[in-house]
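No hydrogens, no waters, no symmetry mates; every other heavy atom, side chains included, goes into these values. Residue indices begin at 1 and follow the sequence shown.
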Amino acid sequence: MERNTCIAMVPCPGLSHLIQFVEFSKQLVLYHQNLNITFFIPTLGPPAPSIKALLTTLPPNITFTILPQINMQDLPNNILLATQMKLTVKHSLPFLHQEITSLTSRTHLAAFICDFFSSDALQIAKDFNLSSYFCTSSATSLSFCFSLPKLHHNLTSEFITDSLQTVDFPGCGVPLNVKDLADPVLLGRSTQTYKSFLNACESLSSADGLIVNSFTELEAEAIGAMNMNSTFVYPIGPLIQTESTNQLNESECMRWLENQPPKSVLFVSFGSGGTLSHKQLSELALGLEMSRHKFLWVVRVPSQASSSAYFSGQKDDPFEYLPRGFLDRTKGKGLVVPLWAPQVDILGHVSTGGFLTHCGWSSILEGVVNGVPMIAWPLFAEQRMNAAMLANVLEVAVRPKIDESDVVRREEVARVIKMVMEGNESLQMRKRIESFSAEAANALSEHGSSKKVLSSLVMKWQS
C-alpha cells in the first residue's frame, strides 16, 4: 500500500512562532489534501492555554506531538529570549530524533521544516537524508541573517556601541542604524549569545530553501537580493490567523468597537508577551489620555524585562499599575482590557483606525492585511529592524522618539498618535498601507505570486 506524503515541522517555543507554522500548514492541506503534516513542538513548560486553543483548530491531516518538557535548570540564567528558545530546541533533539525515526517507519517523509531558532534540528534532517527548509518571518530580517557571516568581521564592539553608525546589506532598502540590529548582535561578538546567533545564521545556507511568511510586493528588494545569491527563497505569505482562538475579553472588545465611529480607535497591543516598565506604562497611559483619541489598550503587569510574559502568564492585576484616576478620566474615550484581546478581529473592524504595535512580524502582517497604519514601538529581538522597515522603507508607520532614559514620554506618545490618526500624513500612510493590503490579497489569490510559490513547493515535495 502506498504511504502518505508527510511533512515534519519543528517550530520553536512561543505562540507567534507556532501560529506562523499552523497557518502555513493549513494553507498546504487546504489545497493539497493528500499531504499529512506533523508538528514536533519543543517546550520549556506546560503549553499555555493560548497554545492549547490554537492546536485544537488543526484539521485531521495536521497532527502534533509536544516533546517532553525541558528542565529550566538545564539552561543558563539571565539569557535572552532568542537564546532560551534555541537552547530549548537543542535540548529536545534526542526526543525529536526518536519521533522522526518512528515517523519515517510508517510514512513517506518528504521534507523537514524548522524555525530559524530551531536550526540545531537541521542535523536530524541530514541524519535521515531529508530535504530541509527554514520557515521564517520577514524577508528583510532574513536577508540580514543571511548576510551576517559576511558582515561579522566588521561588527566590532566599537562599531556596535556607536549608535551613529549604520550598516548596509543586500535587500535592506535603506542603511540600518546599528542600534536597530537584532538583540544578539548588540550584545557584541564576544558573547555566547552572539556566537549562537551567528551559528544559526551560518546554517541558513545549508538548507534546501528558505520559506518566508511575506509576499513579493511587500519585500521585493530583500527577496530579490537573496535570490541573486542563488538562494531558493519561497515567499508564501501573508499568512495570518483569520480568527482569534482565545475568547478572553472578546465580547467586551467587539461590543465596545461597535459603538465607535469608523477609523476612530487606536488599538494598542504589545503582542503575546511584550511588557513595559512601570515608568513607561504610566507615560503611555498619560499619552493616550493627552491625545484625546479613542483607544483600545491591552495592558499587562509592568516588568523591566520586555519579554517577561512571553512564556509565562501574569497573575497580578495590571490595572493596579495604571496612573491614579486614569480609568475614570478616560471612561467612554478608551477601553482597557487585561492580558489579551482578539487582535485579528479588532484590526479587521471598521472602527479601528490605527495600531500601536511592538512590531512582531505576525502583528505587522495583520496590520498590513487589514490596511491599518501603525505606530512602531519595538521591544526586543528583531523588532527594531521591522520597525525601521515599516517607517523608513514602506512608510506606513511612525516611530516615537525615546529620551535619554530610554522612555517614550507622554507628549511624544500623544504626538505620534495624532500623526497616525489625523491630518494629511495620516491620509498618506493610510493610502500606502491600503495599497499593500490590496497586493496582499492578490498574492494569495488563485493566480497570485504566493499561491504559485506554494504550489511549486508541494509539487517539488511530491515528486
Side-chain angles (χ1 to χ4, degrees), residues 1-12 17-42 54-67 89 92-93 95-116 118-136 203-204 206-215 231-239 241-242 443-463:
M1 184 174 69
E2 185 178 353
R3 295 184 295 176
N4 292 328
T5 297
C6 183
I7 310 296
M9 296 195 180
V10 186
C12 68
H17 293 261
L18 181 59
I19 286 174
Q20 178 172 274
F21 274 70
V22 166
E23 296 305 321
F24 175 36
S25 299
K26 285 181 177 179
Q27 284 290 311
L28 284 173
V29 300
L30 177 64
Y31 296 100
H32 306 277
Q33 297 177 4
N34 58 337
L35 282 179
N36 287 336
I37 295 172
T38 298
F39 291 141
F40 298 102
I41 305 173
L54 178 64
L55 293 173
T56 62
T57 68
L58 297 177
N61 46 349
I62 303 178
T63 58
F64 66 91
T65 296
I66 296 177
L67 299 176
V89 175
S92 299
L93 293 184
F95 308 120
L96 180 60
H97 197 283
Q98 293 174 13
E99 295 293 340
I100 296 296
T101 299
S102 174
L103 186 63
T104 53
S105 69
R106 62 182 189 272
T107 66
H108 167 54
L109 187 53
F112 184 95
I113 302 174
C114 64
D115 190 280
F116 176 78
S118 304
S119 59
D120 289 307
L122 278 186
Q123 183 56 50
I124 290 180
K126 296 183 185 302
D127 291 344
F128 288 88
N129 199 28
L130 300 171
S131 295
S132 59
Y133 298 81
F134 280 104
C135 182
T136 67
S203 67
L204 290 170
S206 65
D208 293 293
L210 307 175
I211 301 166
V212 291
N213 187 10
S214 187
F215 55 106
T231 307
F232 293 100
V233 181
Y234 302 94
I236 47 83
L239 301 181
Q241 284 186 293
T242 54
L444 292 176
S445 65
E446 183 178 358
H447 301 293
S449 58
S450 293
K451 191 57 62 67
K452 290 178 180 177
V453 168
L454 200 66
S455 296
S456 69
L457 260 178
V458 173
M459 289 179 61
K460 185 174 184 177
W461 294 334
Q462 289 179 330
S463 65

Notebook entry, point to check: With side chains defined as the heavy atoms from C-beta onward, is the minimum distance between M9 and F112 less than 4.5 Å?
Noted result: no
Note to self: For L454 and Y234: C-alpha separation, side-chain torsions, deciding distance, then whether side chain to side chain contact (heavy atoms under 4.5 Å, CB included) applies.
What the structure shows: CA-CA 8 Å; L454 200 66; Y234 302 94; over 6 Å; no
Margin query: Restricting to non-hydrogen atoms, name the atom on C12 and the atom on S118 that form the minimum distance, rounded to 0.1 Å.
Written below: N-OG, 3.4 Å
Checklist line | Worked verdict on I41 versus L18 for side chain to side chain contact (heavy atoms under 4.5 Å, CB included) | finding: CA-CA 9 Å; I41 305 173; L18 181 59; 4.1 Å; yes
Margin query: Rounded at 0.5 Å granularity, tell me how far CD1 in I100 sits from CG in D127.
Written below: 10.5 Å
Checklist line | Non-neighbouring partners of A111 that pass side chain to side chain contact (heavy atoms under 4.5 Å, CB included), sequence neighbours left out | finding: I7, Y133, W461
Checklist line | Residue list, side-chain hydrogen bond (donor to acceptor under 3.5 Å, both in side chains) with S455, at least two apart or on another chain | finding: none
Note to self: Could you work out, with side-chain hydrogen bond (donor to acceptor under 3.5 Å, both in side chains) as the rule, every residue matching T63, not counting sequence neighbours?
What the structure shows: T38
Check: Would a 4.5 Å heavy-atom cut-off, applied to side chains only, mark T136 and D115 as touching?
Finding: no
Checklist line | Heavy-atom pair of closest approach, residues K451 and E446 | finding: CG-O, 3.7 Å
Next item on the list: Begin with the C-alpha distance, continue with both residues' side-chain angles, and end with the deciding distance and a verdict on side chain to side chain contact (heavy atoms under 4.5 Å, CB included) for C135 and F21.
Entry: CA-CA 8 Å; C135 182; F21 274 70; 3.8 Å; yes
Next item on the list: Please round to the nearest 0.5 Å and tell me the distance separating atom CG of L122 and atom SG of C114.
Entry: 4.0 Å
Check: Mind checking whether L93 and Q123 have side chains closer than 4.5 Å, heavy atoms only?
Finding: no
Next item on the list: Measure the shortest side-chain to side-chain distance between S119 and F134 over non-hydrogen atoms and say whether it is less than 4.5 angstrom.
Entry: yes
Notebook entry, point to check: Say you draw a straight line from CG of L457 to NE2 of H32; how long is it, rounded to the nearest 0.5 Å?
Noted result: 9.0 Å
Note to self: Applying ring pair (Phe, Tyr, Trp, His ring centres under 6.0 Å), can you list everything that pairs with F116, at least two apart in sequence or on another chain?
What the structure shows: F197
Listed pairs under 3.5 Å, donor-acceptor, residues 206-215 side chains, sequence neighbours left out:
{"from": "S206", "atom 1": "OG", "to": "S203", "atom 2": "O", "distance (Å)": "2.6"}
{"from": "D208", "atom 1": "OD2", "to": "S132", "atom 2": "N", "distance (Å)": "2.8"}
{"from": "N213", "atom 1": "OD1", "to": "L239", "atom 2": "N", "distance (Å)": "2.8"}
{"from": "N213", "atom 1": "ND2", "to": "L239", "atom 2": "O", "distance (Å)": "3.1"}
{"from": "S214", "atom 1": "OG", "to": "E219", "atom 2": "OE1", "distance (Å)": "2.6"}

Checklist line | Shortest non-hydrogen separation from L35 to N61 and the atoms involved | finding: O-ND2, 3.3 Å
Margin query: If the condition is ring pair (Phe, Tyr, Trp, His ring centres under 6.0 Å), which residues does F95 pass it with, not counting sequence neighbours?
Written below: none
Margin query: On a heavy-atom basis, which atom in V29 and which in Q33 lie closest, and how many Å separate them?
Written below: O-CG, 3.3 Å
Item checked: Nearest heavy atoms of H447 and K452, plus distance in Å -> O-CE, 3.1 Å
Note to self: I'd like to know whether CG of N34 has more than 12 heavy-atom contacts from other residues, nucleotides or ligands below 6.0 angstrom.
What the structure shows: yes
Note to self: I'd like to know whether R106 forms a side chain to side chain contact (heavy atoms under 4.5 Å, CB included) with S102, so could you lay out the CA-CA distance, the side-chain angles of the two residues, the decisive distance to 0.1 Å, and finally the verdict.
What the structure shows: CA-CA 7 Å; R106 62 182 189 272; S102 174; 2.6 Å; yes
Next item on the list: Might you point out which heavy atoms bring L444 and P238 nearest each other, and give the distance in Å?
Entry: CD1-O, 3.1 Å
Checklist line | Donor-acceptor side-chain pairing of K26 and T57 below 3.5 angstrom | finding: yes
Notebook entry, point to check: Going from CD1 on I66 to CG on L55, what distance comes out if it is rounded to the nearest 0.5 angstrom?
Noted result: 6.0 Å
Check: Are K460 and F232 in a cation-pi setup, meaning NZ or CZ lies under 6.0 angstrom from the ring centre and within 45 degrees of the ring axis?
Finding: yes
Item checked: Euclidean distance, D120 CG relative to L96 CG, rounded to 0.5 Å -> 11.0 Å
Margin query: Here's a test for you: under side-chain contact (heavy atoms from CB on, under 4.5 Å), which of V10, L58, I113 qualifies with F39?
Written below: L58
Check: Out of curiosity, H108 NE2 to T5 OG1, how far, rounded to the nearest 0.5 Å?
Finding: 4.5 Å
